[in-house]
Protein chains: 2
Amino acid sequence: MPNTKASDFIHKLHQSQIKLTRQRKLIVEKMVLFKIPFGAEDLYLNGLKKSGLDLATIYRTLNLFAENNWISRIDLNDGYSRYVMKPASSHLHTLLCKACHRIEHLSGCFVEKQQEELRKKGFTSLSHKVEFVGLCPDCNQQERTAL
Amino acid sequence: MPNTKASDFIHKLHQSQIKLTRQRKLIVEKMVLFKIPFGAEDLYLNGLKKSGLDLATIYRTLNLFAENNWISRIDLNDGYSRYVMKPASSHLHTLLCKACHRIEHLSGCFVEKQQEELRKKGFTSLSHKVEFVGLCPDCNQQERTAL
DNA sequence: CTGTATGCAAAACCTTTGCATTGTT
DNA sequence: AACAATGCAAAGGTTTTGCATACAG
């Protein structure tokens with residue numbers, strides 16, 4: 001079963017109003033191959049350019065996907081917009097390795113209670129994001145053995 | 001006691017190796033006046049330009065402060081880097097109103113336990129960020145009365 | 001004094017946009 | 001056929017950088 005992820009994603013596109021173009025399919029198929037957050041240029045230089053896609057198309061598509069909440073923007077604070085495929089759950093709880101950028105989606109939410117308190121105080125339309133950043137076991141080990 | 005915040009901050013600068021210039025003092029004194037996340041241009045157009053500061057100096061200074069963890073970058077996802085003064089506690093738990101950009105630092109941390117579990121799994125140098133985004137009571141009310 | 005910080009101007013950078021053309025539904 | 005999406009090229013806006021000068025320690 002190759003690319004279940006990609007076809008699931010494309011299925012989502014189908015159900016919406018947007019048109020399913022060759023370019024968008026290619027972008028989706030490329031996105032799912034990334035295990036770390038990817039930017040427009042990452043997709044472009046890793047095959048999409050060869051397929052004849054324009055960088056502008058990729059930017060437009062990534063914006064479209066993000067607006068529809070099909071992907072999430074990750075801020076690595078280097079002036080470069082990156083995205084990750086959205087996990088099944090709506091909001092984002094991530095664990096990011098600052099060395100290799102490997103990203104994990106965490107299950108379990110420890111802040112629902114806190115959010116509920118804020119709601120009681122009069123805040124509405126609440127959403128939240130929990131981000132852990134650190135060194136994953138692999139990168140941590142590399143640093144040690146490098147000494 | 002005017003500008004306790006500013007002098008506290010400047011005191012921190014003193015203790016580090018960096019030089020305390022007229023420009024840096026002015027930037028600090030301006031920063032503390034902002035109750036919402038501020039960008040370089042915000043500082044520039046709100047008095048620092050009149051004081052003769054250059055935008056480049058402000059960018060350099062904001063980068064310097066952020067590298068030293070004296071201020072924190074906030075990503076509002078509009079292609080504009082903003083910062084907030086760091087709260088006393090090291091890490092960031094914020095509540096941001098998406099309408100007026102008013103920001104609150106939340107006390108109490110509900111994710112320490114989760115972080116401890118990650119540490120046990122082999123992750124190191126862990127830090128975390130918890131961000132709530134929503135409409136504050138004031139903005140929420142405005143939307144309602146606008147109907 | 002020495003080395004860092006600033007001002008100025010230009011460049012770099014990522015991202016967006018206009019418009020004619022192509023392609024989907 | 002109608003409208004949305006793409007490619008191409010150019011512009012946009014924020015942030016960075018080089019270099020001579022000024023300044024803090």
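Quick caveat, the model's predicted, so the values are computed rather than measured. Quick note: numbers below take in every heavy atom, side chains included, and nothing from hydrogens, waters or symmetry partners. Chain naming here is simple, since letters A, B, ... match the order of the sequence lines and numbering starts at 1 in each.
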Can you tell me if the side-chain N/O atoms of [X] get under 4.0 Å from OP1 or OP2 in [N]?
X	N	value
A:Tyr59	C:dT16	no
B:Thr21	C:dT4	no
B:Arg24	D:dA24	no
A:Gln23	D:dG7	yes
A:Thr57	D:dG7	yes
A:Ser81	C:dC14	no

Could you state the atom-to-atom distance from [atom1] of [X] to [atom2] of [N] in whole Å?
X	N	atom1	atom2	result
B:Ile27	C:dA5	CD1	C1'	11 Å
B:Leu20	D:dG25	CG	P	6 Å
B:Leu45	D:dG13	CG	C1'	14 Å
B:Leu13	D:dG25	CG	P	11 Å
B:Ile18	C:dA5	CD1	C1'	10 Å
B:Lys25	C:dA5	NZ	P	15 Å
A:Asn77	D:dT15	CG	C1'	13 Å
A:Leu62	C:dT16	CG	C1'	14 Å

Item to complete: List the steps and the verdict of salt bridge (charged side-chain N to carboxylate O under 4.0 Å, His left out) for B:Arg102 and B:Glu104.
Response: CA-CA 7 Å; B:Arg102 165 183 145 190; B:Glu104 259 181 54; 2.9 Å; yes

Worksheet item: If you pin B:Asp54 and A:Arg60 to their nearest nucleotides in DNA chain D, which one's is more 5'?
Response: A:Arg60

Worksheet, complete the sentence: Ranking A:Gln17 and B:Asn63 by the position along DNA chain D of their nearest nucleotide, the one closer to 5' is A:Gln17

Worksheet item: Does A:Arg24 use its side chain to pair, donor to acceptor, with the backbone of A:Lys19 at less than 3.5 Å?
Response: yes

Discussion item. For D:dC23, does the base pair up with any side-chain atom of B:Lys19 as donor and acceptor (N or O, under 3.5 Å, distance only)?
Written reply: no

Worksheet item: Just checking B:Gly52: base, sugar-phosphate only, or nothing, at a heavy-atom cut-off of under 4.0 Å?
Response: sugar-phosphate

Worksheet item: Using 30° and 60° as the class limits, which term best fits the ring planes of B:His93 and B:His128: parallel, tilted or perpendicular?
Response: perpendicular

Fill in: Parallel, tilted or perpendicular, as decided by the 30° and 60° cut-offs, for the rings of A:Phe38 and A:Tyr83
tilted

Worksheet item: Under 6.0 Å between the ring centres of A:Phe132 and B:Phe123?
Response: no

Practice prompt. Check every atom of C:dG7, C:dT15, D:dC8 against the side chain of B:Arg22 and return the nucleotide holding the closest atom.
Written response: C:dG7

